[in-house]
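Input: a single structure, listed below in structure tokens.
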Amino acid sequence: MGAIKKLNRKRSVVFKTEWFTIDTIPYGSSGNETYYRLSCSDSVSILAKTVDDKIIMVRQYRPAIEAFTYEFPSGYIDVGESPEKAMKREFQEETGYQCKTITYMGALKIVPSRINNTLYVFFGKDADILKMQKMGDKETQLILATVDEFRKLISDGTYVESSGIAMFQLAQLKGYL
């Protein structure tokens, strides 16, 4: 076990937007087949608990699935920014909270069969409100839930984000919850 060994094959950009590119890379034993992948910036996410033991989530509209989702605060890492700095920035921007302690839990690959970015995940403890956060639009809402309420959100299909479910499991395995 250990770090993933990359082959670093030559890629070509087929389509580019502000948020992602679609690339082709050589594939197959001869390298003559074309494989398409989605390339995104690396990102961060945090499973944080408030001083009164509530899990902090954001409910927001996701156009890709045309539905509202419950998610842990997250976002892209800016160029030249460390994952830790990006996580603190995104968490405060999205929630208005700041954690007393933050622990790095690890790096996840969300969909390694199709997307090449890394999600750096953190656990935050004793989060307290710095200021009431005015959400960017009326389609974004701050959600607080106990661990048992969060488990119910997963089991009843309300919480469907796979990386968040993986983070919750990782936090349990590491003894944070």
Side-chain angles (χ1 to χ4, degrees), residues 1 3 18-20 40-112 115 117-177:
M1 295 293 272
E18 177 182 349
W19 300 283
F20 65 88
C40 304
S41 297
D42 290 342
S43 55
V44 293
S45 190
I46 184 168
L47 189 170
K49 288 179 70 180
T50 63
V51 292
D52 59 346
D53 275 345
K54 300 280 178 83
I55 293 174
I56 300 170
M57 294 174 281
V58 179
R59 180 182 181 269
Q60 56 192 334
Y61 183 74
R62 292 300 192 186
I65 61 171
E66 300 181 57
F68 285 90
T69 61
Y70 286 60
E71 301 174 17
F72 293 133
S74 60
Y76 286 124
I77 300 171
D78 291 338
V79 175
E81 187 176 39
S82 70
E84 293 81 5
K85 187 174 179 182
M87 185 276 313
K88 289 177 183 177
R89 173 183 51 77
E90 287 288 346
F91 184 61
Q92 190 172 341
E93 284 175 6
E94 289 189 14
T95 69
Y97 280 81
Q98 186 174 33
C99 294
K100 187 172 186 177
T101 60
I102 296 167
T103 305
Y104 174 70
M105 290 199 295
L108 303 176
K109 294 292 187 182
I110 300 169
V111 184
I115 304 173
N117 73 325
T118 299
L119 174 65
Y120 297 93
V121 296
F122 297 84
F123 180 80
K125 189 174 176 188
D126 295 326
D128 208 353
I129 193 101
L130 290 175
K131 60 180 179 173
M132 285 306 293
Q133 189 67 10
K134 182 180 181 212
M135 302 312 262
D137 58 47
K138 60 185 172 202
E139 294 183 341
T140 304
Q141 178 183 8
L142 191 66
I143 304 290
L144 302 176
T146 66
V147 171
D148 287 340
E149 289 168 338
F150 184 73
R151 284 187 180 110
K152 184 172 179 345
L153 291 173
I154 294 171
S155 66
D156 72 12
T158 301
Y159 193 101
V160 297
E161 185 197 25
S162 60
S163 60
I165 295 169
M167 288 172 61
F168 182 71
Q169 182 65 36
L170 188 58
Q172 289 183 61
L173 290 171
K174 291 183 176 273
Y176 301 136
L177 296 175

### Task
Could you list the residues that satisfy side chain to side chain contact (heavy atoms under 4.5 Å, CB included) with Tyr104, not counting sequence neighbours?
Ala107, Tyr120, Phe122
### Message
What's the separation between atom OG in Ser45 and atom CE in Met87, rounded to the nearest 0.5 Å?
### Response
10.0 Å
### Task
Could you go through the side chain to side chain contact (heavy atoms under 4.5 Å, CB included) check for Glu94 and Val58 one step at a time?
CA-CA 8 Å; Glu94 289 189 14; Val58 179; 3.8 Å; yes
### Query
Closest approach of Tyr76 and Glu90, non-hydrogen atoms and distance?
O-OE2, 3.8 Å
### Task
Any chance you could measure Leu130, atom CG, to Gln98, atom CD, to the nearest 0.5 Å?
4.5 Å
#### Entry: Value rounded to 0.5 Å, distance of CE in Met57 from CD in Gln141
10.5 Å
### Message
Please find the pair of heavy atoms, one from Leu153 and one from Asp156, that lie closest to each other, and give the distance.
### Response
O-OD1, 3.0 Å
#### Entry: side chain to side chain contact (heavy atoms under 4.5 Å, CB included) between Ile46 and Cys99, intermediate numbers included
CA-CA 10 Å; Ile46 184 168; Cys99 294; 4.1 Å; yes
### Query
With a 4.5 Å heavy-atom cut-off, do Lys49 and Val147 have their side chains touching?
yes
### Evaluation steps, side-chain hydrogen bond (donor to acceptor under 3.5 Å, both in side chains), between Asp148 and Thr146
CA-CA 5 Å; Asp148 287 340; Thr146 66; 5.5 Å; no
## Note on the structure
Shortest non-hydrogen pair, Asp42 vs Thr118, comes out as OD1-N, 2.9 Å
### Query
Heavy-atom distance under 4.5 Å between the side chains of Met167 and Val121, does that happen here?
yes
### Message
Would you compute the distance between atom CD of Glu84 and atom CD1 of Ile77 and round it to the nearest 0.5 angstrom?
### Response
8.5 Å
#### Entry: Listed partners of Thr50 passing side chain to side chain contact (heavy atoms under 4.5 Å, CB included), at least two apart
Asp52, Lys54, Ile56, Tyr97, Leu144
### Query
In Å and rounded to the nearest 0.5 Å, what is the CD to CE distance from Gln169 to Met105?
11.0 Å
### Query
What's the verdict on side chain to side chain contact (heavy atoms under 4.5 Å, CB included) for Phe150 and Tyr70, showing C-alpha distance, side-chain angles and the deciding distance?
CA-CA 10 Å; Phe150 184 73; Tyr70 286 60; over 6 Å; no
### Task
Measure centre to centre between the rings of Tyr159 and Phe72, then say whether the value is under 6.0 Å.
yes
### Query
Do Phe123 and Leu170 come close enough that some side-chain heavy atom pair is under 4.5 Å?
no
### Message
Which heavy atom of Leu119 sits nearest to which heavy atom of Val44, and what is that distance?
### Response
CD1-C, 3.6 Å
#### Entry: Side chain to side chain, Lys174 and Thr103, heavy atoms closer than 4.5 Å
no
### Message
Would you compute the distance between atom CG of Leu142 and atom CZ of Arg59 and round it to the nearest 0.5 angstrom?
### Response
12.5 Å
